[in-house]
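Sequence positions, counted from 1, serve as the residue numbers for this chain.
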Amino acid sequence: MFKPTKATTINEYIDSLPEERKEAIIYLHKFLQGLSPDLKSFFAYNMLGYGSFLYKNYKKEVVKWPLIALANQKNYMSLYVCALEEKEYLAEKYKDKLGKVNVGKSCIRFKKMEDINLEELTKVIKKALLMPGYDNGISS
């Protein structure tokens with residue numbers, strides 16, 4: 001699912017990025033941190049995570065999952081927004097406003113920064129802060 005990395009920290013992850021993606025990931029990392037003090041950043045699951053909620057994974061384990069996540073993939077970068085509005089994934093609900101991106105459920109895929117409408121992304125992230133997580137039978 002996520003591109004494997006040997007990194008174990010945010011700085012190691014950023015240092016390991018290919019040069020052509022490093023600037024975009026650093027920019028988005030700072031952008032996400034600046035949106036809210038509630039978006040505490042951490043490294044997990046081969047990606048950068050921001051904020052968290054309890055989530056029951058496919059193994060039925062309850063884990064701390066990022067509300068927002070940022071990852072470098074083989075052919076693109078991914079931004080995950082793990083939040084619902086009226087039982088619809090925010091990324092899917094607002095995909096037509098997010099720019100030249102490919103969206104699937106909570107995942108926003110893009111190749112370069114210019115592809116993302118940052119004004120609309122800001123609105124989506126702020127909505128996600130109000131309704132984190134999925135309704136998957138976990139009460140926090």
Asks: Grouping I, L, V, M, F, W and Y whenever their side-chain heavy atoms are under 4.5 Å apart, do Tyr76 and Leu17 come out in a common cluster?
Replies: no
Asks: CD of Glu119: more than 12 outside heavy atoms within 6.0 angstrom?
Replies: no
Asks: Count I, L, V, M, F, W, Y as connected when their side-chain heavy atoms are under 4.5 Å apart, and connections chain through other members. Are Tyr27 and Ile116 then in the same cluster?
Replies: yes
Asks: Could you tell me whether the side chain of Tyr94 reaches within less than 4.5 Å of the side chain of Leu121, counting heavy atoms only?
Replies: no
Asks: Measure the shortest side-chain to side-chain distance between Phe110 and Leu79 over non-hydrogen atoms and say whether it is less than 4.5 angstrom.
Replies: yes
Asks: Enter the distance from Tyr55:OH to Cys82:SG here, rounded to the nearest 0.5 Å.
Replies: 8.0 Å
Asks: Is there side-chain contact between Ile10 and Ser41, with at least one heavy-atom pair below 4.5 Å?
Replies: yes
Asks: Under 4.5 Å between side-chain heavy atoms, counting indirect links through other Ile/Leu/Val/Met/Phe/Trp/Tyr residues: same cluster for Ile26 and Ile108 or not?
Replies: yes
Asks: How about Asn72 and Tyr13: do any of their side-chain heavy atoms sit closer than 4.5 Å?
Replies: yes
Asks: Is it the case that over 12 heavy atoms from other parts of the model lie below 6.0 angstrom from the NZ atom of Lys93?
Replies: yes
Asks: Using 4.0 Å as the upper bound for N to carboxylate O, is an ion pair formed by Glu92 and Lys95?
Replies: no
Asks: Are any of the side-chain nitrogens in Glu85 or Lys127 under 4.0 Å away from the carboxylate oxygens of its partner?
Replies: yes
Asks: State, with a plain yes or no, whether a side-chain heavy atom of Leu70 is found less than 4.5 Å away from one of Tyr50.
Replies: yes
Asks: If I compare all heavy atoms of Ile68 with all of Ala128, which pair ends up nearest, and what's the gap?
Replies: CD1-CB, 4.1 Å
Asks: Just checking Gln33: does its CD atom have more than 12 heavy atoms from other residues, nucleotides or ligands closer to it than 6.0 angstrom?
Replies: yes
Asks: Do Phe43 and Leu39 sit in one hydrophobic cluster, given that two such residues count as connected whenever their side-chain heavy atoms are within less than 4.5 Å of each other, even indirectly?
Replies: yes
Asks: Using side-chain heavy atoms (C-beta onward) and a distance below 4.5 Å, is Ser52 in contact with Trp65?
Replies: no
Asks: Measuring from Cys107:SG to Asn102:CG, what's the distance to the nearest 0.5 Å?
Replies: 7.5 Å
Asks: Do the charged groups of Glu20 and Lys112 touch, with an N to O distance under 4.0 Å?
Replies: no
Asks: Taking side chain as C-beta onward, heavy atoms only, is Ile25 less than 4.5 Å from Met77?
Replies: yes
Asks: Is the side chain of Glu12 donor-acceptor paired with the backbone N or O of Thr8 at a distance under 3.5 Å, no angle test?
Replies: yes
Asks: Should His29 and Ile14 count as side-chain neighbours, where that means a heavy-atom distance under 4.5 Å?
Replies: yes
Asks: Just wondering, more than 12 heavy atoms not from Lys22 lying within 6.0 Å of its NZ?
Replies: yes
Asks: Give a yes/no verdict on a cation-pi contact between Lys64 and Phe42, requiring under 6.0 Å between NZ or CZ and the six-membered ring centre and an angle within 45° of the axis.
Replies: yes
Asks: Taking all heavy atoms of Ala83 and all of Met131, pick out the closest pair and write down the distance.
Replies: CB-O, 3.3 Å
Asks: What is the minimum heavy-atom distance between Ala24 and Met113, and which atoms define it?
Replies: CB-CG, 3.5 Å
Asks: Check the pair Leu90 / Val103 against side chain to side chain contact (heavy atoms under 4.5 Å, CB included), numbers first and verdict last.
Replies: CA-CA 10 Å; Leu90 286 174; Val103 175; over 6 Å; no
Asks: Taking all atoms of both residues into account, what is the closest heavy-atom pair of Leu129 and Ser36, and its distance?
Replies: CD1-CB, 3.5 Å
Asks: Please answer: with hydrophobic residues joined when any side-chain heavy atoms are less than 4.5 Å apart, are Phe31 and Val101 in the same cluster?
Replies: yes
